[in-house]
Amino acid sequence: MYTRRSSSSSDRSSGPESSSPGQYSPSGYHMIKVYILQAKLDATAVAELYTLIKSCKDVPDGLRLQLCGNPSDADVILSNVHMRKRLERHLDWDIAKQKAIVTPDWLHDSVAQQRPLNCADYAALGELREETDKNCPDCDLPKCICSSESSKESLLDNGTMNLITSPHVSYNYAARYSCQRASPLVCPNQRLANELSVLRIHRDLEGKTVNALSYERAIAVSTGLRLAYPRVITQADLDTEVVHLPYLGEKIRSKVLLCFRGCYHYVNDALTKINEFIRFGRIEECNTIRSSARFLSLKAFASIHGVGSTTARHLYSIGLRTVEDMEQYYDVPIADDGVPLLPNNEPKYTPNGKRIPTNDTIPDLDIKAALVLRHEFAISISRSEVEEMHNLIMAELNDLKPGCASTIVGGYRRGKPESNDVDIVITHADLRGGGEKITGLRKRFVERLYNRGLVSHVARGAGFIAQDSFRWHSLENALTVFRLPAQVDARHLHRRLDLIIAAPEAYWSAVVGWTGSKMFERDLRLWAKTEKGLKFDSSAVTRRHDSKRFFPQSENDVFSLLGLQWIDPTLRNADI
DNA sequence: CGGCATACG
DNA sequence: CGTA
DNA sequence: GCCG
């Protein structure tokens, strides 16, 4: 049974391991969700509060705090705003009355004593002292299932919290489209998938994209096999069922059989007529590919963000062989110690901790920058770090525009323990109708993150601080490079972050469109076209004959509009 | 033998 | 052409 | 490379 765990818009701050306020911790303290209202707090103060919250994780049996990206999800709100009028600019008064609103001192003192202190003593607004007292989460009674469950997201609450993937889907492993099958993250036939992946990458790098697509489909089928065969495939399986699987045609099937059967394979040697012995469980062609210098060079080139197979082949053709050759070719500055130098992007601060606006363009994530950042980009991102980034980003956004809802999508939502990047879909009731409102918010948000020193680069020259767009959009995305503040994470690594701003009517299409995996998305679109006469993209479902657009109101809506069974995000891992 | 996802910059 |  |  596969229970759904994270597709409501209110998963803002809910990783699978996060607790709701009603749950007990081993320490006896409840998890307290803290929101930081940034108005009247400078960047240094905010970073210090983040660090304090994070520091509690290292104290066993201590205070349990969780940074929270949205005030309505919070138990406690930290604020330096003391006037009702000013507060209402950032926070709905009805929500404020359901929270404990305290000064940052509450956090300092509570952390110092490793216990939640009495909120009333720290009330930020005299007018709300009573509510703050009443809503204070320090009560040690089970009835303290206080506040936040009641203030659940209404705008995007889609009523599909407890969907499960139909068992029927799990036995659908021979279906033609990966959006009809269940593809779990880990499959026991991993070796087969890895071998096929070598062939896929090779075909891709050599420009044979349709061949590569065939291998992708074969891999996607292999990933779905696990639920039908909860074990490694046997000879008997091969002889009966596997031969009927889609996308394992004559050529790929012979390689698959080779990989599984493993024992002997006959390659006709024209001269000696001697049968060659093939190593167990491997596809001979993969060995050739893996040891090819050209393959290794092309693969290394294409691993750089912004370099695809065409550019990789070009670089090879003009004599480049290593990424170090690329550094020379692209004039990447190298320090005395041999480490590539980043252009001087470090934000400058006033003594108050406010960033000095450079009024400059945001640096572009071009190939040169990507070369410098490649080592950091290669370091994977843990789930807790993804959540940390999300919380911080939403705290910033809700300070800029209160009331935003968001979902972490991409590999994180598919359950991957480590991510290469972070994708977040964001919406707000005010964005209905899209257009300039979305462009405006995206621009202001990225600009703010840049000025806060949280974003260092933006992909494809969208970095002009002042810039107008004429086009109408219900969805916009910003491909950025993000860094957690050094006070929050000493490594201060550059991470790739994709922000997708969607009109509310486009939200669920965007969530499905950005959850992936890549093959799952291609098959959704192919299924929609060839089987249903529909077009699916990340903003809507469109009927092809009259262009009528449909706006799904839940994730399940997307699937049912397309005539598909809902599949849990963790079973959409149709790629390796 | 034609099609293979769709959109954006 | 490259990225999602 | 595979499918209709």
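Just so you know, these numbers come straight off a predicted model, no measurement behind them. The chains referred to below are lettered A, B, ... by the order of the sequence lines, with proteins before strands, and numbering in each begins at 1.
Within residues 535-543 of chain A, no residue has any heavy atom closer than 4.0 Å to DNA chain D. Sorted by residue number, the list of members of residues 313-325 of chain A with any non-hydrogen atom under 4.0 Å from DNA chain D is empty.
Atom CE in A/M519 sits about 12 Å away from atom P in B/dC4, given to the nearest Å. The CG-P distance, from A/L562 to B/dT6, rounds to 12 Å in whole Å. If you take OH of A/Y177 and P of B/dT6, they are 11 Å apart, rounded to a whole angstrom. The nearest whole Å value for the distance from the CH2 atom in A/W527 to the C1' atom in B/dT6 is 19 Å. Counting to the nearest Å, the C1' atom of B/dT6 and the CD atom of A/E521 are 10 Å from each other. At whole-Å resolution of the value, CD in A/E531 and C1' in B/dC4 are 14 Å apart. Put simply, CD1 on A/I500 is 17 Å from P on B/dA7, counting in whole angstrom units. If you take CZ of A/R203 and C1' of B/dC4, they are 17 Å apart, rounded to a whole angstrom.
The aromatic rings of A/H494 and A/H457 sit perpendicular to each other, their planes meeting at more than 60°, with 30° as the lower class boundary. The aromatic rings of A/H202 and A/F295 lie tilted to each other, with the angle between the two planes from 30° to 60°.
Contact annotation: A/K518 side-chain N/O to B/dA5 OP1/OP2 distance is not under 4.0 Å. Close to C/dG2, at under 4.0 Å from its OP1 or OP2, lies a side-chain N or O of A/T310.
Comparing C/dG2, B/dG9, B/dA5 by their closest approach to the side chain of A/H473 singles out B/dG9. When each of B/dA5, C/dG2, C/dA4 is scored by its nearest atom to the side-chain atoms of A/R525, the top-ranked nucleotide is B/dA5.
The pair A/E285-A/K251 does not count as a salt bridge, with every side-chain nitrogen at least 4.0 angstrom from each carboxylate oxygen.
Because its NZ or CZ atom is both nearer than 6.0 Å to the ring centre of A/F550 and within 45° of the ring axis, A/K548 counts as a cation-pi partner of that residue. Remark: A/R200 is not positioned above the aromatic ring of A/Y215, lacking an NZ or CZ atom under 6.0 angstrom from the ring centre and at most 45 degrees off the axis. In this structure, A/R496 forms no cation-pi arrangement with A/F482, as its terminal cationic atom is not both closer than 6.0 Å to the ring centre and no more than 45° off the ring axis.
Atom CG of residue A/D489 and atom CE of residue A/M389 lie 10.0 Å apart, to the nearest 0.5 angstrom.
In this structure, A/L298 and A/R313 have side chains that are in contact, with non-hydrogen atoms separated by less than 4.5 Å. Under the 4.5 Å side-chain criterion, counting only non-hydrogen atoms from C-beta, A/L571 is not in contact with A/S183. Looking at heavy atoms from C-beta onward, A/I424 lies out of side-chain contact with A/V409 at the 4.5 angstrom threshold.
Note that the first and last nucleotides of DNA chain D, 5' to 3', having any atom under 4.0 angstrom from a heavy atom of chain A are D/dG1 to D/dG4.
A donor atom on one side chain and an acceptor atom on the other are not found under 3.5 Å apart for A/Q553 and A/Y507.
Looking at heavy-atom distances under 4.0 Å, A/K529 makes contact with sugar-phosphate atoms alone, never a base.
Nearer the 5' end of DNA chain B, as judged by each residue's closest nucleotide, is the contact made by A/L526, out of A/N477 and A/L526.
As rounded to the nearest Å, B/dA5 and D/dG4 have P atoms that lie 15 Å from one another.
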- Task: For the pair A/E376 and A/R495, evaluate salt bridge (Lys or Arg N to Asp or Glu O under 4.0 Å) and give the outcome as yes or no after the intermediate values.
- Result: CA-CA 7 Å; A/E376 295 192 13; A/R495 305 301 208 175; over 6 Å; no

